[in-house]
Amino acid sequence: MITCDQTYDVIVVGAGHAGCEAALASSRMGCRTMLLTINLDAIALMSCNPSIGGLAKGHLVKEIDALGGEMAKNIDATGIQFRILNTKKGPAVRASRAQADKQQYRLRMKRVLEHQANLDLKQDEVTSLYLENGRLQGVDLRSGIRYLSQTVVVTTGTFMRGLIHIGLNHYPGGRAGDQPSVGLSDQLRELGFDVGRLKTGTPARLDARSIDFSQLETQFGDNPPQPFSFSTKEITMPQLPCHIAYTNQRSHDIIRSGLDRSPLYSGIIEGIGPRYCPSIEDKVVRFPDKERHQTFIEPEGIDTIEVYPSGMSTSLPIDIQIAFYRSIVGLERVEIMRPAYAIEYDYVDPIQLHTSLETKSISNLFHAGQINGTSGYEEAAGQGLIAGINAALRVKGCEPLVLGRSQAYIGVMIDDLVTLGTKEPYRMFTSRAEYRLLLREDNADLRLREIGYQLGLVSDQEFAHFSEKKNLINDELERIATTRLVNSDFQLEELARRGLHDIQKGTTLEHLLKRSDFCYSDLAELDPVSRETIPEIREQVEIQTKYRGYIDRQLEQVEQAKKLETTRIPISLDYASVKSLTTEVREKLSKSRPDTLGQASRIPGVTPAAISILSIALKSSSWKEHVQ
């Protein structure tokens with residue numbers, strides 16, 4: 001093994017969505033960083049759906065952007081259809097989603113990485129971590145080179161012992177066309193990590209020329225398209241439509257006829273698949289009474305004929321794939337360009353991580369992305385950003401960044417993972433966030449921009465724009481709270497036109513805006529100053545005014561929970577020595593090793609009484625004896 005004389009502060013293993021954000025974060029924070037990947041041409045490749053965002057996932061992307069990450073800017077520059085979902089529902093659950101030009105997305109991200117200061121890109125396979133006397137020192141590569149580093153961030157995606165399944169045929173691969181990572185997961189297992197097996201899948205890619213789109217329902221994006229990034233002024237990419245198609249009973253009969261050759265139902269696949277993104281054969285078996293299943297036929301880019309049938313992932317044999325795709329109206333003559341497949345891969349139970357994403361058993365080693373059992377580009381990118389930040393902070397000798405459940409969806413996700421672990425691919429949902437009215441897409445910058453700026457990830461120009469926006473919001477909130485109606489003839493006429501005859505003279509604009517039958521655009525009709533307010537300020541003022549009571553209630557709940565969330569538990573605390581804890585609670589706490597009392601309180605089986613006992617033990621002088 002040849003030891004390279006170039007040493008690094010941070011080495012990032014894997015260049016998927018987690019690895020890209022981790023490498024950019026650490027290098028932008030001034031750390032000498034190396035990004036290692038098996039294939040430099042597959043950086044940020046969208047292995048499955050060529051889209052970013054969606055329900056709750058859009059929240060993650062906005063938060064990544066607010067902290068200074070790259071994902072939102074990348075999709076804004078390469079997106080070919082943008083839509084805001086849940087527009088008829090409240091602001092807490094509205095979410096952004098965009099189709100990407102798949103090739104332009106990866107090429108732009110590669111270009112950003114290549115031009116980033118303090119960052120080296122290398123193509124090679126990491127076969128093992130290099131440790132001396134139990135301390136992490138770097139990584140060993142298949143080529144026989146050893147690189148030394150202070151910290152390592154592992155973001156291997158689906159590559160660790162990846163196994164691809166198409167019918168009863170299977171072969172090693174990290175994804176179709178790429179070799180798997182071999183050796184690293186075996187070493188992690190030998191080091192005492194709990195390594196499990198998961199499964200995911202992807203649909204076939206279809207030839208758009210063989211589809212009769214006239215028989216499908218067309219779905220256009222929003223006009224004008226709304227950007228993800230708080231720094232993007234407008235979307236300049238050409239916009240394309242998607243199309244909606246449906247399976248039918250004949251499709252389902254064809255799928256059932258191939259189940260005996262399905263690796264999922266013949267016992268060949270051992271890994272557990274995603275509960276919330278099942279394969280088409282899973283849908284047909286689990287919901288036998290459902291007459292049809294919807295699919296969105298999505299373009300993979302502007303300059304390609306490949307399209308992606310979302311919701312149609314499968315590992316069925318190729319002959320069954322062809323038959324059931326062709327049973328769909330409009331797809332009777334469809335040609336498959338790339339077959340659908342399932343993939344099994346190793347992951348490491350995230351219960352073995354601190355909330356900083358550093359492993360509990362090996363200092364300076366961080367895990368992010370699908371190695372932690374998550375599914376989705378956005379979940380991976382959020383973890384990668386935090387892992388990269390915390391690796392850099394470790395190098396600098398600073399305390400880690402830990403986002404709380406009341407601060408960000410990223411905080412909710414990481415807390416869920418490290419507190420509860422996972423036995424199936426984890427996906428983010430708005431329902432997972434108990435403070436979701438505080439964690440809206442629209443206020444991600446208000447929540448997190450200052451943190452990104454303090455870390456050095458947000459530029460002075462971006463922060464100046466944010467500060468101006470924040471001041472304008474506060475000024476407008478103060479103005480409408482003190483500006484009163486004078487009931488001029490014009491105002492009375494406008495109020496009457498809206499059926500608001502009960503509004504008294506002297507009513508504040510704030511009081512008027514609180515009404516459910518009144519919005520800021522109505523306010524602009526009554527008040528000349530409001531008419532000049534720009535849209536992003538209008539949105540914030542209206543939401544904060546209308547939902548103030550609910551927001552204040554959630555802030556009170558956050559304050560009540562703060563004591564538990566900030567009370568740290570020493571990693572070496574001997575739970576067996578804490579009197580009055582039941583055996584079950586001791587076992588759960590000893591296995592999980594929570595970082596805080598708040599984390600401990602969310603472990604199933606750990607009762608409020610146990611938390612009280614633990615809190616008293618931490619306050620007493622006797623606990624110090626337990627951590628010697």
Side-chain angles (χ1 to χ4, degrees), residues 1 3 7-14 18-19 22-23 25-26 31 33-36 125-141 146-157 159-161 181-196 345-374 383-384 386-402 414 417-419 421-422 568-574 589-595 599 627:
M1 189 67 66
T3 301
T7 61
Y8 291 89
D9 298 317
V10 181
I11 288 178
V12 179
V13 182
S26 61
C31 291
T33 304
M34 178 168 65
L35 178 59
L36 280 161
E125 179 188 346
V126 174
T127 53
S128 64
L129 304 170
Y130 171 54
L131 295 96
E132 278 188 2
N133 301 318
R135 291 182 58 84
L136 182 66
Q137 300 290 324
V139 297
D140 291 340
L141 309 184
R146 172 174 291 161
Y147 283 101
L148 302 181
S149 176
Q150 293 190 54
T151 60
V152 175
V153 181
V154 179
T155 69
T156 47
F159 278 71
M160 289 203 307
R161 290 204 312 127
S181 169
V182 180
L184 187 55
S185 63
D186 291 335
Q187 184 197 25
L188 292 172
R189 195 179 282 106
E190 290 168 4
L191 290 170
F193 286 97
D194 181 8
V195 178
Y345 57 95
D346 284 352
Y347 82 108
V348 180
D349 192 337
I351 202 171
Q352 299 160 103
L353 301 174
H354 293 293
T355 44
S356 63
L357 295 181
E358 182 181 23
T359 66
K360 293 176 179 177
S361 58
I362 298 179
S363 297
N364 302 329
L365 175 63
F366 298 80
H367 289 176
Q370 284 181 282
I371 189 174
N372 290 337
T374 56
Q383 294 171 69
I386 298 301
I389 288 170
N390 285 329
L393 290 173
R394 171 56 60 85
V395 170
K396 296 170 180 285
C398 302
E399 286 295 307
L401 171 66
V402 175
I414 292 175
L417 291 169
V418 304
T419 303
T422 188
R568 299 196 63 79
I569 303 174
I571 187 63
S572 55
L573 178 62
D574 180 10
L589 291 172
S590 296
K591 180 182 179 183
S592 180
R593 291 280 163 195
D595 291 326
Q599 259 190 278
V627 297

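Throughout, numbering of the chain's residues begins at 1 and tracks the sequence.
The nearest pair of heavy atoms linking K396 to C31 is CE-SG, 4.4 Å. Heavy-atom minimum distance, G192 versus Q352: O-OE1, 3.9 Å. Summarising the geometry of L573 relative to R593, their closest heavy-atom pair is O-NH1, 2.5 Å, with the distance given to 0.1 Å. In this structure, V395 and D9 approach most closely via the heavy-atom pair CG2-O, 3.5 Å. Summarising the geometry of G157 relative to Y345, their closest heavy-atom pair is O-CD1, 3.9 Å, with the distance given to 0.1 Å. Across all non-hydrogen atoms, the minimal contact from G19 to L35 is O-CD1, 3.9 Å.
A donor-acceptor contact under 3.5 angstrom links the side chains of S26 and T33, judged on distance only. Donor-acceptor pairing under 3.5 Å is recorded for the side chains of Q599 and T419.
Of the possible donor and acceptor atoms, none in the side chain of Q383 sits under 3.5 Å from a partner among the backbone N and O of L357. When atom types are taken as modelled, the side chain of Q137 and the backbone of Y130 share no donor-acceptor pair closer than 3.5 angstrom. Checking side-chain atoms of T151 against main-chain N and O of N364 turns up no donor-acceptor pair under 3.5 Å. Using a distance-only test at 3.5 Å, with no hydrogens or angles considered, a donor-acceptor pair links the side chain of Q187 to the main chain of L129.
Note that CZ of F193 is 4.5 Å distant from CD1 of I362, once rounded to the nearest 0.5 Å. Rounding to the nearest 0.5 Å gives a distance of 5.0 Å between CG of N372 and CG of L353. In this structure, the separation between CD1 on I389 and OG on S356 is 12.0 Å, given to the nearest 0.5 Å. Rounded to the nearest 0.5 Å, atoms NZ (K360) and CD1 (I571) are 5.5 Å apart. The CG atom of D140 lies 9.5 Å from the CG atom of L131; values are rounded to the nearest 0.5 Å. Within the model, atoms CG of L136 and OG1 of T359 stand 8.0 Å from one another, a figure rounded to the nearest 0.5 Å.
A heavy-atom distance below 4.5 Å is not found between the side chains of V152 and V126. Side-chain contact between N390 and H354 is absent, with no heavy atoms from C-beta onward closer than 4.5 Å. The closest side-chain heavy-atom distance from P350 to T422 is below 4.5 Å.
Between Y147 and Y8, the ring-plane angle classifies as perpendicular under the 30° and 60° cut-offs.
Just one residue in the list D194, D349, D346 forms a salt bridge (Lys or Arg N to Asp or Glu O under 4.0 Å) with R189, and that residue is D346. Applying side-chain contact (heavy atoms from CB on, under 4.5 Å) to V153 and the options V12, I11, V13 leaves one that passes, V12.
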### Task
Decide yes or no on side chain to side chain contact (heavy atoms under 4.5 Å, CB included) for R568 and D595, but give the supporting numbers first.
CA-CA 6 Å; R568 299 196 63 79; D595 291 326; 3.9 Å; yes
### Candidate pair R135 and S363, rule side chain to side chain contact (heavy atoms under 4.5 Å, CB included), full reasoning
CA-CA 7 Å; R135 291 182 58 84; S363 297; 5.8 Å; no
